[in-house]
Amino acid sequence: FLDLCHSGNTSSQDEQGAAAIYVTQLDKYLGGSPVQYREVQGCESAKFKSYFKNGLIYKKGGAGSGFTHVETNTFNIQRLLHVKGTKHVTAREVEVSWSSFNLGDIFLLDLGKAVIQWNGPQSNRQEKLKAVLLAQDIRDRERGGRAQIGVIEGGQEEASPELMKLMISVLGQRTGHLKESIPDDKPDQNQTSIIKLYHVSDASGQLLVQEVATSPLTQDLLSSSDCYILDQGGSSVMVWKGKAASDEERSSALSRAGFIKAKNYPSNTKVEVMSEGGESAMFKHLFKSWKEKGQTQGLGRTHSVGKIAKVDQVKFDVMELHAQPKLAAQERMVDDASGHIQVWRIENLELKEVNPSTFGQFYGGDCYLVLYTYNRANKQQYILYMWQGRHATQDEVTACAYQAVNLDNKYNGAPTQVRVVMGKEPRHFLAIFKGRLIIFEGGTGRPGVVNPDPGARLFQVRGTHEMNTKATEVPGRASSLNTNDVFLLKTHQNVFLWYGKGCSGDEREMGKAVADLLSEQDKQIVMEGQEPAAFWVALGGKAPYATDKRLEKEVAPHEPRLFECSNQTGRFLMTEVADFTQDDLDEDDVMLLDTWEEIFLWIGNSANQYETQESYNSAVEYLKTHPAGRDPGTPITTVKQGHEPPTFTGWFNAWDAHKWSVSQTG
């Protein structure tokens, strides 16, 4: 549930107070579960606007009520609407005069039986389309479908003489030049603003508001017996009410005027009010991690000294991928990994094909390109993975990106490009190597090159079957061990296979299989707690290591977020799209989809080069500045319009795979 309380600019204090009382009553009636939003005319949130897909019209005067009667289907009308926005359209009544016009926006002259749309010479295609939808909405909802719509291009007025004649009869002859365009949107400051959490308590007998933390926030800061105010640098204020908080705390948690006035924030500051258990997706997104009540922990991810992310231990059934697109997206699996693989290493800044016998072996001193080809709907699809070694030179990293562009062009831009940071390989990447994925910390896989002898080498093996297993080299010290995993210790004399107490039988089997890939020598099985002296000597002596079997950490259930990346207004802006659908993907722009585990950049067919380049930089900056302290190594995947993999489409309800092909041929 959610309550939206909207205040018009000319509404009285009494009316605003009455609305607040009704919201409180409605909230109680619904058991305190709705999230409450306070909206102010002209400053509505993207969520509020998303419920009015054809746009919002601000009318002068009162709305239809017991006091003010508003008629529909009347044609004795003369008004001028100033239309702004591409994703969220608003139309404001302005003075019926040429002085209200400007070169960059769209204006609707509503004359009852006719609606004339005048497109500013600097307005773009998307704005024109949205304005037409708004004009049709006025015709259908307010005129019962009985009104004519005409369109004038402001830069070619002479092409519409009859419509211009009608406009001049109402507005008079135009004198002088029209005003320059006004920027559509302000950059969203929410991302970079400092997040502060305030504690609201009446334990001392009087209500106190006290700052308790700044970002990144953790869920354990919230106590059920109190209320809290989360302040996003004044761009929005969120109020959280604990279930066991006193009535006084709950009712006064946001003495709206008090807190906002004390902070010198504007009166139109966005306010959300929510109860424990009914938090909004945006609220949860501001926390480093969030666990829902009753959520099972599963095996999730373990954070060890070696900083290697624990792979999900749920066996992936590829048949469920087709039946449940969202599952496929969450698991980040496009297919059952049975496609064709080609691997190249960057050598002397050029591509050198890797021998298939060494597929799956990646060295930290190298960069690789992996092209995966698979079939979907009888059509070949491609994923191009760019794996960057931690110790590769900057020239090699640059060459990797350059060669990826060349390969992409060779396949006419069809491949989905995925940047893979060493140690953060996505699930599908693991699956295509069928349990043979081995990550060496340093060195190179180039033939003929002798890598430095590190003495003892320690590998951490994780996975329960060939679809989710990898071995990663970690520092050869006892502190790198983890009770939840299998480790392979390779010295000049011995090869030890160490089984932690927390690992399963399946993990041990995969450990044996990977050990055979790393060494043909006989393996000495070592159980945790029964290590021979030679084992500890090879690791430089005993040392404390991760022995807590409860290290497993749940994946935060963060809702996906979609942003439009555009420079259509002359400045590069990222604008969030609330309650998004496939229709929100604008082929003139680049869209950023944040699923928390991965960032997708969707490139529209008509997106310009500047937007495409700037979007990648913005994605990196978005991760760096995220208030929840996001991992900067989060994979960033580039997807082209018409070539979307299931890992992307699964986040959209009722995805239409033929939408683009129909629009391109029609």
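Computation of the quantities below employed the complete heavy-atom set of this structure, encompassing side-chain atoms and omitting hydrogens, waters and symmetry-equivalent molecules.
- Asn468 contributes a side-chain N or O that, together with a main-chain N or O of His465, makes up a donor-acceptor pair within less than 3.5 Å.
- Panel note: side chain Asp631, backbone Gly633; a donor-acceptor pair is recorded below 3.5 Å.
- Contact of the Glu644 side chain with the Trp602 side chain is registered, since non-hydrogen atoms from C-beta on lie closer than 4.5 Å.
- For the pair Glu621 (side chain) and Ala619 (backbone), a donor-acceptor distance under 3.5 Å is absent.
- When every heavy atom of Tyr374 is checked against every heavy atom of Pro645, the shortest pair comes out as OH-CB, 4.0 Å.
- With contacts defined as side-chain heavy-atom distances shorter than 4.5 Å, the pair Gln460/Asn482 qualifies.
- Distance alone, capped at 3.5 Å, is enough to place a donor-acceptor pair between the Glu507 side chain and the Ser504 backbone.
- The structure places OG1 of Thr373 at 10.0 Å from CD of Gln381, a figure rounded to the nearest 0.5 Å.
- Using a 4.5 Å cut-off on side-chain heavy atoms (C-beta onward), Glu272 and Val237 make no contact.
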Assess whether side chain to side chain contact (heavy atoms under 4.5 Å, CB included) is satisfied between Ile636 and Val620, documenting all intermediate values.
-> CA-CA 8 Å; Ile636 299 173; Val620 173; 3.9 Å; yes
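- Using a distance-only test at 3.5 Å, with no hydrogens or angles considered, a donor-acceptor pair links the side chain of Lys434 to the main chain of Ala337.
- Residue Leu371 holds its CG atom at 10.0 Å from CG of Asp408, rounded to the nearest 0.5 Å.
- Checked by atom type and distance alone, the side chain of Gln641 pairs as donor or acceptor with a backbone atom of Asn605 at under 3.5 Å.
- Between Thr214 and Lys196, the shortest heavy-atom distance links the atoms CG2-CG, 3.9 Å.
- The shortest non-hydrogen separation linking Ile599 to Leu592 is CG2-CG, 3.9 Å.
- Leu585 is listed as a side-chain neighbour of Leu562, based on a closest heavy-atom distance under 4.5 Å.
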Tyr402 vs Asn406, side chain to side chain contact (heavy atoms under 4.5 Å, CB included): CA-CA, chis, key distance, verdict = CA-CA 7 Å; Tyr402 174 75; Asn406 288 345; 3.4 Å; yes
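- Side-chain contact between Phe287 and Leu230 is present, with at least one heavy-atom pair separated by less than 4.5 Å.
- To the nearest 0.5 Å, atoms CG (Leu384) and CD (Gln403) are separated by 11.0 Å.
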Evaluate side chain to side chain contact (heavy atoms under 4.5 Å, CB included) for Met274 paired with Lys241, printing each intermediate quantity in order.
-> CA-CA 6 Å; Met274 65 204 75; Lys241 301 178 178 181; over 6 Å; no
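- Using a cutoff of 4.0 Å between basic side-chain nitrogens and carboxylate oxygens, Asp105 and Lys84 are scored as salt-bridged.
- Relative ring orientation between Trp240 and Tyr228 is described as tilted, the plane-to-plane angle lying within the 30° to 60° band.
- Gln361 pairs by the side chain to side chain donor-acceptor pair (under 3.5 Å) definition with nothing, not counting sequence neighbours.
- The two residues Cys367 and Gly389 come nearest to each other via the heavy atoms SG-N, 4.2 Å.
- Using bins of under 30°, 30° to 60° and over 60° for the plane-to-plane angle, the ring pair Phe433/Phe359 lands in the perpendicular bin.
- Atom CG in Asn409 sits 8.5 Å away from atom CG in Asn412 (nearest 0.5 Å).
- In this structure, CD1 in Ile603 is found 11.0 Å from OG1 in Thr416, a value given to the nearest 0.5 Å.
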Any chance you could lay out the side chain to side chain contact (heavy atoms under 4.5 Å, CB included) test for Phe362 and Val370, step after step, and finish with the verdict?
-> CA-CA 11 Å; Phe362 290 82; Val370 178; 4.0 Å; yes
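- Here the side chains of Met422 and Trp387 are in contact, with some heavy-atom distance below 4.5 Å.
- With sequence neighbours left out, Gln342 forms a side chain to side chain donor-acceptor pair (under 3.5 Å) with no residue at all.
- Looking at heavy atoms from C-beta onward, Leu369 lies in side-chain contact with Met386 at the 4.5 angstrom threshold.
- Between the side chain of Glu276 and the backbone N or O of Lys243 there is at least one donor-acceptor pair closer than 3.5 Å.
- Summarising the geometry of Lys128 relative to Ser123, their closest heavy-atom pair is CE-OG, 3.4 Å, with the distance given to 0.1 Å.
- By the 30° and 60° cut-offs, the orientation of the rings of Phe429 relative to Tyr385 is perpendicular.
- For the residue pair Asp335 / His428, a side-chain donor-acceptor distance below 3.5 Å is found, with atom types taken as modelled.
- Arg630 has a carboxylate O that lies under 4.0 Å from a charged side-chain N of Asp594, or vice versa, which qualifies the two as a salt bridge.
- Both tests do not hold together for Arg561 against Trp596: distance to the six-membered ring centre under 6.0 Å, angle to the ring axis within 45°.
- Side chain of Arg419 to backbone of Thr634: a donor-acceptor contact under 3.5 angstrom is found.
- A heavy-atom distance below 4.5 Å is not found between the side chains of Leu430 and Thr469.
- Note that the CG atom of Asn375 and the NE2 atom of His340 stand 12.0 Å from one another [nearest 0.5 Å].
- With no hydrogens or angles considered, a side-chain donor-acceptor pair links Glu598 and Thr637 at under 3.5 Å.
- Pairing each heavy atom of Ile383 with each of Val418, the nearest pair is CG2-CG2, 3.9 Å.
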